[in-house]
Amino acid sequence: ADAKCLGMTSSYKTLLSRCERVYIVDGVSQGIRADGRGGKDYRHFSLETGVVSNTSGSARITSEHTSVVVGVKAELGEPTSNKPNCGRLEFFVDCSALASPQLEGREGEELGSHLAHQLTSAYRNEECLDLEALGVIPGRQCWVLYVDALLLEGSGNVVDALSIAVRCALTNTRIPRLVVSGEGEEMEIEVADNPLDSTTLDVSCTPILVTLSLVGDSFVVDASAAEELCGSCSVSFAVDPSGRLMHTCMGGHGGIPYDKMHDIIQIAQEVAEDVFGLMEQKQQEIVSKSLSAHDMT
Amino acid sequence: MAGFEFLSPEGLRVDGRRPPELRRLQCKLGVFQQADGSAFLEQGNTKVLAAVYGPHDVSRRSQALHDKAVVNFQFSMATFSTSERKKRPKGDRRSIEMSLALKQTFESVIMTELYPQSKIDITVQVLQSDGGNQCVCINAATMALIDAGIPMKDYVCACTAGYIEDTPLLDLNYLEETARGPCLTVATLPKSGKIILLKVESRLHADTLEKVLGVAEKGCKQVHTVLDFTVKDNLKHEISAFQ
C-alpha cells in the first residue's frame with residue numbers, strides 16, 4: 001500500500017495549501033479536528049440492509065461524503081483443493097467513476113483491487129466466518145459467497161466504511177437450504193421449495209476494520225480526506241465483536257513509534273466496540289420491522 | 001418459455017400493466033455532494049445512479065477541442081445488478097458500445113460550444129437491472145446534467161417499446177425483453193419531437209414499425225412529463241429553503 005492510495009478516493013477537488021495543512025496537523029496535536037470531532041470519534045453514518053433485490057444479502061452505508069453498497073451473492077461452486085469441506089469467500093470492489101472522474105480507467109481498477117486485497121487479508125483468518133458450514137458435497141460442491149462492493153462516493157477512510165458494510169451484508173445474508181440426496185457419483189442437490197427456508201451466517205467472530213492515521217504526532221480515527229492527505233502512515237486493525245485482533249495491516253509511508261502501539265490498539269478496540277454496538281442496534285431494528293419492500297433513498 | 005403468457009386474457013402484462021403503460025418513474029436530484037450534478041432514477045425495478053463532473057479542465061492537453069467541450073460518458077453495471085452475477089462491471093464490449101452511443105447522443109444535445117477547451121464527465125451506474133437499461137441511463141443522465149446546470153437544447157427522454165402477441169407494448173421489463181420479440185429503444189427531444197436515438201436489435205416487420213414507434217414516442221412524452229415535474233418541484237423546494 002502506498003501513499004497514492006491514501007488520498008485517492010478523496011474528492012478530486014481536494015487541494016490543500018500549506019496553511020491548511022498546518023491548521024489540520026496542529027489541531028490534531030491539540031486534540032481538535034477540523035470538523036470538531038475528537039481523535040477517537042467516528043463520523044456519523046447510517047446503515048441500511050436489503051437494498052438490492054437480486055442478492056442473497058446486501059447493505060448500504062451512507063455518511064456525509066461516503067456511500068458504499070455491498071451485495072452478497074451465494075452461488076454453488078467448487079471448493080479449493082486444500083480445503084475440500086469448506087466454502088469460499090471472494091471479494092470484489094468496484095470503484096465507480098461516480099466517486100471521481102479520475103477513477104474511470106486503470107486507476108479505479110487499481111484502487112478497487114487494493115481495497116479487495118485488504119478485505120481478503122482481513123478475512124483470511126479462519127475464525128472470521130464458519131466456512132465449514134458452507135460446504136455442501138466435500139470436494140465437489142460448496143457455497144461460494146461473492147461479496148461485491150460498489151464505492152459510490154468516498155471521502156477519506158473508505159476501507160473502514162467498506163468493512164462495516166461488508167459485515168452488515170454478511171449478517172443479512174440468507175443462504176437457501178439444500179437437500180443433498182444420493183450417494184457416490186450420483187449425488188443430487190435440491191434447493192428447498194420455500195424461498196424463506198434459509199440459513200444465516202454465523203457472524204459472531206466477523207471483524208470490522210478500524211484504521212488509525214498518523215497525522216503529525218498523533219493518531220486519529222476515521223480520517224477525513226483532508227486529514228488523509230496530511231497524514232503519513234496508517235494502521236488498520238481487524239477487530240471482532242469480542243475485541244480480539246484478527247489482522248493488522250500498515251499503509252502509507254513512515255513508521256509508528258513503539259511506545260504508542262499499546263495505546264492505539266486500545267483505541268481501536270474501544271472504537272470497534274462502539275461501532276459493533278451501533279450495528280447491533282441496527283440489527284434489532286431490522287428484526288423488529290416487518291418484511292417490507294426494498295427501498296433505496 | 002412455451003406457454004408463458006406475456007399478455008393475459010384480460011389484457012394485462014406480466015407485472016399487471018396495460019400495454020401502453022409506463023412503469024412507475026421516480027427521480028431524485030442531487031444525491032451526491034461531491035459531484036457537480038447527480039440523480040437517482042428508478043423506472044420500475046431498474047435503478048440507475050448518474051453523476052456529472054464538469055465542465056472542468058481536460059487532463060491531457062491533446063484531448064482538448066478548441067471550439068467545444070469534450071463529452072466523456074461512462075456506462076457501468078454493478079456486479080450484483082443482474083440476477084446472474086456480472087463479472088466485469090465495465091470495460092466489456094457491450095458497455096463500451098453503450099458508452100459510445102450515449103456519448104454521441106449527449107454530445108448533440110449539450111451546448112458544448114459554450115465551453116471550449118474543457119471536459120464534461122458523465123457516469124451512469126446501473127444498480128439493479130430489470131429491462132430498459134439504456135433508456136433509464138439516458139433519463140438519469142439528463143436529470144444529472146440539469147442538476148449540474150449544464151445548458152442543453154432540450155431534455156432527452158428515452159423509452160423502449162416492443163411487439164408481442166400482435167400488441168405493441170411500452171417500456172419492456174427484463175422478461176419481456178428476453179422474450180425474443182422485437183425491442184425498440186427510442187430517445188427523443190420532447191419540444192421539437194426529434195428522435196435522437198433509435199435502436200432495434202431484433203427483427204421488426206416494416207409494417208409494425210410505425211405502430212411501435214408511435215407507442216414509444218408517446219412513452220417518451222410521458223417520461224418528459226415526469227422529469228419536468230421533478231425538476232420544477234426540486235426548484236420549488238430549493239427556493240423555499242432560501243426563504
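Letters A, B, ... mirror the listed sequences (proteins, then strands); counts begin at 1.
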request  = Would you mind checking which part of A:D148 comes under 4.5 Å of any heavy atom in chain B, side chain (CB onward), backbone (N, CA, C, O), both or neither?
outcome  = both
ask   = For A:Y146, which residues count as a side-chain hydrogen bond (donor to acceptor under 3.5 Å, both in side chains) partner, sequence neighbours excluded?
value =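 With sequence neighbours excluded, A:Y146 shows a side-chain hydrogen bond (donor to acceptor under 3.5 Å, both in side chains) to no residue whatsoever.
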remark   = Those residues of residues 115-126 of chain B that come under 4.5 Å of chain A on a heavy-atom basis, listed by number, are B:D121, B:T123, B:Q125
ask   = Salt bridge between A:E64 and A:R43, side-chain N to carboxylate O under 4.0 Å?
value = no
inquiry  = Using heavy-atom distances under 4.5 Å, tell me whether A:S96 contacts chain B through its side chain, its backbone, both, or neither.
reply    =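 When you check distances to chain B, atoms from both the backbone and side chain of A:S96 fall under 4.5 Å.
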task = Go through B:D130, B:V52, B:N72, B:N45 and name the one with the most non-hydrogen pairs under 4.5 angstrom from chain A.
result =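 When all of B:D130, B:V52, B:N72, B:N45 are compared, B:N72 has the most.
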query = Taking atom types as modelled and ignoring hydrogens, do the side chains of A:N54 and B:E84 form a donor-acceptor contact shorter than 3.5 angstrom?
reply = no
message = Please determine whether a side-chain nitrogen of the Lys or Arg among B:K236 and B:E238 lies less than 4.0 Å from a carboxylate oxygen of the Asp or Glu.
response = no
query = Does B:K87 come within less than 4.0 Å of A:E75, counting only side-chain N to carboxylate O?
reply =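 Salt bridge: no.
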task = May I have the step-by-step check of side-chain contact (heavy atoms from CB on, under 4.5 Å) for A:L76 and A:V144, ending in yes or no?
result = CA-CA 6 Å; A:L76 284 172; A:V144 183; over 6 Å; no
inquiry  = For the interface with chain B, which of A:E109, A:E104, A:H65 has the highest count of heavy-atom pairs at distances below 4.5 Å?
reply    = A:E104
query = Can a donor-acceptor pair be found between the side chains of A:S53 and B:Q128 at a distance below 3.5 Å?
reply = yes
inquiry  = Using the side chain to side chain contact (heavy atoms under 4.5 Å, CB included) criterion, which residues pair with B:L114? Sequence neighbours excluded.
reply    = B:M111, B:P151
ask   = Are B:D92 and B:S95 close enough that a side-chain donor and a side-chain acceptor fall under 3.5 Å?
value =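 There is such a pair (donor and acceptor under 3.5 Å, judged by atom type) between the side chains of B:D92 and B:S95.
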message = I'd like to know if the side chain of A:T211 pairs up with that of A:D160 as donor and acceptor (distance under 3.5 Å, no hydrogens or angles considered).
response = yes
request  = Under 4.5 Å heavy-atom distance to chain A, tell me which part of B:A50 shows up: side chain, backbone, both or neither.
outcome  =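 It is the backbone, since no side chain atom gets that close.
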request  = Could you list which of residues 73-83 of chain B have a heavy atom closer than 4.5 Å to any heavy atom of chain A, in residue-number order?
outcome  =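 Interface residues of residues 73-83 of chain B: B:Q74, B:S76, B:A78, B:T79, B:F80, B:S81, B:T82, B:S83.
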key: Full working for side-chain contact (heavy atoms from CB on, under 4.5 Å) between A:D94 and A:L151   = CA-CA 6 Å; A:D94 183 11; A:L151 180 66; over 6 Å; no
task = Before accepting this row, confirm whether a basic side-chain N of the pair A:D222/A:R37 lies closer than 4.0 Å to the acidic partner's carboxylate O.
result =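 Salt bridge present between A:D222 and A:R37.
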